[in-house]
Trainee: 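Below you'll find the structure I mean.
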Amino acid sequence: MPEGHTLHRLARLHHERYAGRPVRVLSPQGRFAASAALLDGAQFERAEAHGKHLFHVHGPDLVVHVHLGLYGGFTESEVPLEEPRGKVRMRLIGRTHGTDLRGPTRCELLTDDEVAALRERLGPDPLRADADPERAWQRISRSRTSIAALLLDQEVLAGAGNVYRAEVLFRHGVAPRTPGRDLGRQRWELIWADLVELMAHGAKIGRIDTVRPEHDPEVTGRAPRQDRHGGEVYVYRRTGQPCLVCATPVQFAELSGRNLYWCPTCQAR
DNA sequence: GCCTTATGTTCAC
DNA sequence: TGAACCTAAGGCT
């Protein structure tokens, strides 16, 4: 679940639930207990996301930074809440709803300076209005590293994960191992614009859908399919299955420890 | 029920 | 490059 669109969706939800009112902050598991005690009962000012990082601003130098990692997650329910199930790192309780956080890679209290330093290291986020895609292009256009690896580098581009990487490269017919410096500025601008649109759509509907209407299996007559991540995709996790456009079997390889999927025919460039 | 896997990152070697 | 982090779902028996 946790690519950038998920975190932006959570930021919106948490903002709607808690912003502008006092909130209870607990750590039933204990690992966040000391920080939770400092926040408990104070105002929740706002929530925002940058890439895959989520920030709960409770006040000056009182910012909870959450990174879900591979399998962290939030669950929500209405008050009154039941006893925590499993290891709940952080529990927020507002007027109408409560939110539990389990299994995050990071859940920590940061000062404003620490947040600024962290965000300084992140590349532009397609889901943020203040993003500057030129900054990413400066890195990409000077790099011999593959565009596939660069798209996952959060210092180059913040928020894209393995699904968006595979899908956006497919949609633009780009071979994953193309060096960044060979991508071309125009193609980069198209990829960025596409990420802005795809990820905004993902944040809105809560899943990753990347297949254009004309390639929808329902329309083309191919058997309908849905990956277990819940959306409709061209190549992600479709190893060996026919490409939705040209029927070539989808290829798989491991690249820097991450799973990579592509169509060797559609992505020959 | 047990095993594998995962949309991620950091750290040790 | 590999392990660790530590959760849930899916596939298998």
Side-chain angles (χ1 to χ4, degrees), chain A residues 1-11 27-32 49-55 65-77 84-91 99-108 110 114-115 117-123 125-127 145-146 148-171 176 194-195 198-211 225-241 250 252-262:
Chain A
M1 299 168 210
E3 295 197 25
H5 69 299
T6 302
L7 280 301
H8 279 268
R9 186 175 170 85
L10 285 165
S27 181
Q29 173 205 39
R31 274 183 64 177
F32 189 62
H50 185 157
K52 299 166 189 167
H53 300 257
L54 176 66
F55 302 98
H65 165 230
V66 175
H67 195 294
L68 294 178
L70 187 51
Y71 34 63
F74 286 96
T75 56
E76 177 184 277
S77 53
R85 283 192 309 279
K87 291 175 183 165
V88 174
R89 184 79 58 88
M90 177 173 72
R91 167 171 277 194
T99 296
D100 285 345
L101 169 63
R102 293 183 183 79
T105 270
R106 282 291 174 90
C107 174
E108 59 190 352
L110 298 183
E114 287 169 329
V115 171
L118 189 157
R119 291 192 50 188
E120 186 55 37
R121 272 181 259 118
L122 294 174
D125 175 352
L127 287 179
T145 304
S146 68
L150 289 167
L151 289 179
L152 284 192
D153 184 340
Q154 302 297 299
E155 295 185 11
V156 173
L157 177 75
N162 210 7
V163 183
Y164 281 119
R165 161 175 84 168
E167 295 299 304
V168 82
L169 288 176
F170 178 90
R171 284 167 59 97
D194 206 22
L195 282 171
L198 286 174
M199 294 178 71
H201 185 244
K204 189 172 180 181
I205 66 175
R207 62 171 192 274
I208 300 177
D209 270 330
T210 61
V211 177
R225 50 149 297 287
Q226 227 189 26
D227 187 83
R228 76 173 181 207
H229 80 278
E232 199 69 43
V233 292
Y234 282 108
V235 291
Y236 175 72
R237 277 178 64 95
R238 295 193 64 238
T239 309
Q241 294 178 54
V250 171
F252 168 84
E254 216 178 275
L255 184 71
S256 323
R258 302 300 301 278
N259 295 335
L260 178 65
Y261 308 86
W262 77 102

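By convention in this document, chain letters (A, B, ...) are assigned in the order of the sequence lines, proteins followed by strands, and residues within each chain are numbered from 1.
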Trainee: How are the rings of A/His65 and A/His53 set to each other: parallel, tilted or perpendicular (split at 30° and 60°)?
Mentor: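 Answer is parallel, since the angle falls under 30°.
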
Trainee: Among the nucleotides B/dT9, C/dA8, B/dA6, which one has an atom lying closest to any side-chain atom of A/Arg102?
Mentor: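 Among the listed nucleotides, the one closest to the side chain of A/Arg102 is C/dA8.
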
Trainee: Rounded to whole Å, please give me the gap between CD in A/Gln29 and P in C/dT7.
Mentor: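 Nearest whole value for this atom pair: 7 Å.
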
Trainee: Does B/dA6 have OP1 or OP2 under 4.0 Å away from a side-chain N or O of A/Asn259?
Mentor: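 For B/dA6, OP1/OP2 do have a side-chain N/O of A/Asn259 under 4.0 Å.
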
Trainee: Just N and O in the side chain of A/Arg165: are any of them under 4.0 Å from OP1 or OP2 of B/dT7?
Mentor: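 So the side-chain polar atoms of A/Arg165 never come under 4.0 Å of the phosphate oxygens OP1 or OP2 of B/dT7.
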
Trainee: For A/Ile208 and B/dT7, what is the distance between atoms CD1 and P respectively, to the nearest whole Å?
Mentor: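 From A/Ile208 CD1 to B/dT7 P: 11 Å.
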
Trainee: If only side-chain N and O atoms of A/Lys52 are considered, is one of them under 4.0 Å from the OP1 or OP2 phosphate oxygen of B/dT7?
Mentor: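 For B/dT7, OP1/OP2 do not have a side-chain N/O of A/Lys52 under 4.0 Å.
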
Trainee: Side-chain N or O of A/Tyr164 versus OP1/OP2 of B/dT7: is the shortest distance under 4.0 Å?
Mentor: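 For A/Tyr164, the contact criterion (side-chain N or O under 4.0 Å from OP1 or OP2 of B/dT7) is not met.
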
Trainee: Quickly work out the A/His201 NE2 to B/dT7 P distance and round it to whole Å.
Mentor: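 Taking NE2 of A/His201 and P of B/dT7, I get 22 Å after rounding.
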
Trainee: B/dA6 P sits how many Å from A/Glu3 CD, rounded?
Mentor: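 Checked: the CD to P distance equals 14 Å.
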
Trainee: May I have the distance from A/Asn162 (atom CG) to B/dA6 (atom C1'), rounded to whole angstrom?
Mentor: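 Result: 9 Å.
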
Trainee: If you check every side-chain atom of A/Arg106, which of B/dT10, C/dT7, B/dT7 has the closest atom?
Mentor: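 Selected nucleotide (nearest to the side chain): B/dT10.
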
Trainee: Could you state the interatomic distance from OG1 (A/Thr210) to OH (A/Tyr164), rounded to the nearest 0.5 Å?
Mentor: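 Here the interatomic distance stands at 8.5 Å.
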
Trainee: I would like to know whether A/Leu195 and A/Leu157 meet side-chain contact (heavy atoms from CB on, under 4.5 Å); could you show each step before the answer?
Mentor: CA-CA 11 Å; A/Leu195 282 171; A/Leu157 177 75; 3.8 Å; yes

Trainee: Roughly, in whole Å, what's the span from NE2 in A/His65 to P in B/dT10?
Mentor: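 Whole-Å distance recorded here is 9 Å.
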
Trainee: Starting at the 5' end of DNA chain B and moving along, which residue's nearest nucleotide shows up first, A/Arg121 or A/Tyr71?
Mentor: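 Nearest nucleotide further toward 5': that of A/Tyr71.
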
Trainee: Measuring only the C1' atom in each nucleotide, how far is B/dT10 from C/dA8? A whole number of Å is fine.
Mentor: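 To the nearest whole Å, 22 Å.
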
Trainee: Start with the C-alpha distance between A/Arg238 and A/Tyr261, add both sets of side-chain angles, then the distance that settles side-chain contact (heavy atoms from CB on, under 4.5 Å), and finish with yes or no.
Mentor: CA-CA 7 Å; A/Arg238 295 193 64 238; A/Tyr261 308 86; over 6 Å; no

Trainee: Between A/Arg89 (side chain) and A/Leu101 (backbone), is there a donor-acceptor pair under 3.5 Å?
Mentor: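 No; judged by distance alone, with no hydrogens or angles, the pair does not exist.
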
Trainee: Specify the separation, in whole Å, of atom CG of A/Leu68 and atom P of C/dT7.
Mentor: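 Going from CG in A/Leu68 over to P in C/dT7 covers 13 Å.
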
Trainee: Give the rounded distance in Å between these two atoms: CG of A/Leu118 and P of B/dT9.
Mentor: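 For the pair A/Leu118 CG and B/dT9 P, the rounded distance is 11 Å.
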
Trainee: Between B/dT7 and C/dT1, how far is it from one C1' atom to the other, in whole Å?
Mentor: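 It comes out at 22 Å once rounded to the nearest Å.
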
